[in-house]
Amino acid sequence: MSCPSATLVVWTSAWLHGAAAADDVLDALQTWAELHEVIAADHGTATAMDLPGPGDAATGPALLLAALRRAGASTGELVLPVPGDVRGLGGRGPLSEAALGVGEAATLPGIGVGLVPEPVAEGVLRWTVYDLVPPTGSEYVPIGEAEHGLADAMRDATAALVSLDVARHRPNVRSEIEALVTGQPATPWPAGMPPRALRVLQRAAEVAAIVAVAASDAPGAAVSASATRARADALRPLSTAVRRARCAAIAEAVRVLSDHADQH
């Protein structure tokens, strides 16, 4: 239902607006790794953010939060890039290349930085802080539009399973899908997390599981190149709908949590 960048974006935004404590942010990150390291990608970013740079010993997320506060950060955004679509990452550059490598990033356009998480050892997740140039936000998708697109994607995903004849080759396909959904880490969210955002994240996880199962080959199955291409073409719009829905749900959560905190 989530990813490290989504957790960082929601909890950090809530903390910046007074809707969560710093310890809550650090505890939520533990979902993804026992130890989190933070380092700047280059010396310029290191100096601007007062963070360790290349060749220095990494710091921890507590000092990252302090650096974001000093820099005047307000809210973050989740970016889930794929080849050909790196909107929200400032175009081609070190940030977009790193984000493409892991499929995610957390950005703070207000202060022009982006963070990319990458596992570097067992139980260790390193966040590298990049300069976001130009510091523009990602595409805004209203959550209602994303939810509608996801509902269409769910119907299309079911149809794709039938047209690709997945069930015939994989009689336990429903169990596989359920196992993928239930196997996701139980991500904690701040109090006041909007139910609609949670519902969209859950539905996105279900569609993503369907796509993952339909995209993989059954054990021992022989799939022709043309069949593989047809399968990829059928599933690509579904993956796009999942990405859009996840980003829209996180954006809605950030908006609601921030607005609620600012009103109190």
Closest heavy-atom pair and its distance - [X], [Y]:
{"X": "A99", "Y": "A105", "result": "CB-CB, 3.8 Å"}
{"X": "L132", "Y": "P109", "result": "CD2-CA, 4.0 Å"}
{"X": "P4", "Y": "L125", "result": "CB-CD2, 3.9 Å"}
{"X": "I111", "Y": "M49", "result": "CD1-CE, 4.2 Å"}

By salt bridge (charged side-chain N to carboxylate O under 4.0 Å, His left out), which residues pair with [X], not counting sequence neighbours?
{"X": "E145", "answer": "R244"}
{"X": "E252", "answer": "R255"}
{"X": "R69", "answer": "none"}

Exercise. Are the side chain of W189 and the backbone of V10 linked by a donor-acceptor contact shorter than 3.5 Å?
Worked result: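 No; zero donor-acceptor contacts below 3.5 Å.
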
Exercise. Does the T75 side chain pair with the main chain of S13, one donor and one acceptor, at a distance under 3.5 Å?
Worked result: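 Not confirmed, T75 side chain does not pair with S13 backbone.
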
Problem set entry | Point-to-point distance, once rounded to the nearest 0.5 Å, from CH2 of W11 to OG1 of T187 |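 Output value for this atom pair is 11.0 Å.
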
For this session: Considering only NZ, NE, NH1 and NH2 on the basic side and carboxylate oxygens on the acidic side, decide whether E147 and R203 come within less than 4.0 Å.
Result: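 Not counted as a salt bridge, because no side-chain N and carboxylate O are separated by less than 4.0 Å.
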
May I have the list of side-chain donor-acceptor pairs in residues 33-42 shorter than 3.5 Å, sequence neighbours left out?
| unit_1 | atom_1 | unit_2 | atom_2 | d |
| --- | --- | --- | --- | --- |
| H36 | ND1 | W127 | NE1 | 3.0 |
| H36 | NE2 | L29 | O | 2.7 |
| H36 | NE2 | A33 | O | 3.3 |
| E37 | OE1 | R126 | NE | 2.9 |
| E37 | OE1 | R126 | NH2 | 2.8 |
| D42 | OD1 | G44 | N | 3.0 |
| D42 | OD1 | T45 | N | 2.7 |
| D42 | OD1 | T45 | OG1 | 3.1 |
| D42 | OD2 | T45 | OG1 | 3.1 |

Exercise. Quick one: side-chain hydrogen bond (donor to acceptor under 3.5 Å, both in side chains) partners of R70, sequence neighbours excluded?
Worked result: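 Partners of R70 by the side-chain hydrogen bond (donor to acceptor under 3.5 Å, both in side chains) criterion come out as none, since no residue qualifies.
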
Exercise. Listed by chain and number, what are the side-chain hydrogen bond (donor to acceptor under 3.5 Å, both in side chains) partners of T128, not counting sequence neighbours?
Worked result: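 Per chain and number, T128 pairs via side-chain hydrogen bond (donor to acceptor under 3.5 Å, both in side chains) with no residue.
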
